[in-house]
Amino acid sequence: MKYNFDEIIDRSGTSATKMESLPKGCPDDALPLWVADMDFACAEPILKALHERIDKKIFGYTMYDTDECLGAVLNWYKKRYGWEEQKENLFFCGGIVSAYAVLLNLLTKEGEGVVIQRPIYYPFTMKANSNGRQIVDSPLIYADGNYTIDFDDLDKKMAEPNNKVLVFCSPHNPAGRVWTEAEIRKVVDICKKYDKWIICDEIHCDLLRCGMTFHPILKVAPDYADRIAVCTAPSKTFNLAGMKTSNIVIHNKELQAAWKELIGGKLSMNGAGTLGLTAMIAAYNEGEEWLEQLKEYLDGNFAYIDAFLKEHLPKAHMVPSEGTYLAWIDFNGYVDGDAEKLEEIMQKKARVALDEGYIFGDAGRGFERINIATPRSVVEDCMDRILKAFKEEKLV
């Protein structure tokens, strides 16, 4: 079927965080393009499956580790990426940030170092700090308007005995890079050289620009699978964030046992939601057509913003997006690192609620992350508001 991504869906009255809990300082009528969920209706097979499950009238405790559920996840990996995985290596968690926090507690001790590559998804910093771990930044290189990995610096940071884990974001949020097979292999080789763990966030793996190829880290480096934990989920791909379902891949048997003991034995966090599992199974089994149409629509949104900036705000630069639905825009040509000024313009003048670049680390100062998984008319409204605000500030 043909999906209508131009449809404006009223999300009021749904307790949506994105709409009803705007960032501090935003006026109530700010256009919400911050939290990374979509403004698109879920795929019809998902909605149909949920209705059919609701019609069964009982929502008791529901098992995750069934052939139906695990088969849907593993078949998706294989069909999309040629990634052969085993059922015994797949584990449930309610969310990837939760899984990340659990893994930190299992793989590191308080005071030990966790290496990240800023600018990076800010909860990776927040959860490390709140659990008493030491954040160590190996920043990406930003040159010629795009990002690459600083392998020399990464080698130096991973060589430090106190640094135990690398958090690898693939595809990268917010930079939008889809790492090549060679780049991933080099990252793994550095960690392998020093026998360090990798926590790999692959939540955006399905959201690629048309023509891009994603390389699962466990497919690239099966020889190092015993020191890698991979976090995946249908939440970003199919707009199922509220369903609280993610899939964690762990090969190391000791870590598997520790995960089960902490998640199930100590915390009782191993119970999956009935409707979440229903939605995930339907998404992976029947959602591919919707996803392919979505990717084309997102490509159009990115192209619109890029053309708009080049015509109206030529000193701004949208970093080329290879993956995710998050536009990462460099406004330093107008604000020269003054992140506070940029935030004031966006919130008070343009009345748009975005993720300010500085929350991803100092390397993000002067940048904005815009969630463009929204109808084209909303993207147009956002860019028009920004242009008007910049004109009022006499920046253009």
Side-chain angles (χ1 to χ4, degrees), residues 5-6 23 26 30-36 38-39 119 140-148 171-178 204 207-212 294-361 363-396:
F5 295 103
D6 288 320
C26 283
L31 198 62
L33 297 174
W34 61 301
V35 171
M38 302 185 203
D39 296 327
L140 298 178
I141 297 171
Y142 182 55
D144 300 321
N146 210 347
Y147 288 91
T148 55
H172 194 278
N173 173 11
R177 276 298 315 277
V178 174
H204 292 279
L207 295 160
L208 309 183
R209 305 288 72 77
C210 294
M212 291 299 302
L294 168 72
K295 287 167 57 182
E296 290 185 12
Y297 193 87
L298 292 175
D299 283 4
N301 277 356
F302 276 108
Y304 176 84
I305 293 175
D306 188 48
F308 186 97
L309 292 174
K310 287 174 178 175
E311 180 178 354
H312 300 289
L313 294 166
K315 291 193 289 184
H317 169 69
M318 184 177 72
V319 175
S321 174
E322 298 174 346
T324 83
Y325 51 71
L326 306 164
W328 183 239
I329 302 177
D330 183 356
F331 286 98
N332 280 297
Y334 294 100
V335 299
D336 193 23
D338 191 341
E340 293 72 24
K341 178 180 179 180
L342 182 61
E343 182 175 32
E344 177 77 10
I345 292 172
M346 293 300 183
Q347 291 188 350
K348 304 299 185 185
K349 302 293 185 180
R351 300 183 346 275
V352 290
L354 312 177
D355 275 320
E356 301 299 323
Y358 66 81
I359 69 175
F360 301 89
R365 293 183 66 83
F367 287 73
E368 297 283 355
R369 194 190 78 169
I370 305 178
N371 175 359
I372 67 161
T374 194
R376 186 75 42 79
S377 61
V378 179
V379 173
E380 293 171 357
D381 186 13
C382 173
M383 299 312 297
D384 288 341
R385 291 186 186 205
I386 292 173
L387 177 59
K388 181 180 178 182
F390 273 53
K391 288 180 175 178
E392 288 176 355
E393 291 293 304
K394 295 182 170 49
L395 294 174
V396 292

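Between G364 and W328, the shortest heavy-atom contact is CA-CZ2, 4.0 Å. Contact between C382 and V352 at its shortest, heavy atoms only, is SG-CG1, 4.2 Å. Between L354 and W34, the shortest heavy-atom contact is C-CB, 3.7 Å. Shortest non-hydrogen contact noted between P23 and A353 is CD-CB, 3.9 Å. G323 and V178 make their closest contact through N-CG2, 3.7 Å (heavy atoms, listed as atom of the first residue, atom of the second, distance). The shortest heavy-atom contact between N371 and Y325 is OD1-CD1, 3.1 Å.
Going from atom SG of C26 over to atom NZ of K348 covers 7.5 Å, rounded to the nearest 0.5 Å. Here the straight-line distance linking atom CZ of F360 with atom OH of Y358 works out to 11.0 Å at 0.5 Å rounding. Rounding to the nearest 0.5 Å places CG of L342 at 6.5 Å from CZ of F331. Atom-to-atom distance recorded for M38:CE and F5:CZ is 8.0 Å, nearest 0.5 angstrom.
With sequence neighbours excluded, no residue satisfies side chain to side chain contact (heavy atoms under 4.5 Å, CB included) with D336. Remark: D299 pairs with R209 by the side chain to side chain donor-acceptor pair (under 3.5 Å) rule, at least two apart or across chains. For Y334, there are no side chain to side chain donor-acceptor pair (under 3.5 Å) partners, not counting sequence neighbours. Residues passing the side chain to side chain contact (heavy atoms under 4.5 Å, CB included) test with D384, sequence neighbours excluded: F308. Take E356 and apply the salt bridge (Lys or Arg N to Asp or Glu O under 4.0 Å) test, not counting sequence neighbours, and it matches no residue. K310 is linked by a side chain to side chain donor-acceptor pair (under 3.5 Å) to D306, counting only residues two or more places apart in sequence or in another chain. In terms of the side chain to side chain donor-acceptor pair (under 3.5 Å) criterion, residue partners of Y142 (sequence neighbours excluded) are, by chain and number, D330.
Using a distance-only test at 3.5 Å, with no hydrogens or angles considered, a donor-acceptor pair links the side chain of D338 to the main chain of K341. Side chain of N301 to main chain of T374: a donor-acceptor pair is present (N/O by atom type, distance under 3.5 Å, no hydrogens or angles).
Evaluated for a side chain to side chain contact (heavy atoms under 4.5 Å, CB included) with L326, the options L33, L207, N173, I370 yield exactly one hit, N173.
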Can you give the donor-acceptor pairs under 3.5 Å from side chains of residues 386-396 to other protein atoms, not counting sequence neighbours?
none

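Counting only residues at least two apart or on different chains, the salt bridge (Lys or Arg N to Asp or Glu O under 4.0 Å) pairs with a member in residues 365-381 are E340-R365, D355-R369, D381-R385.
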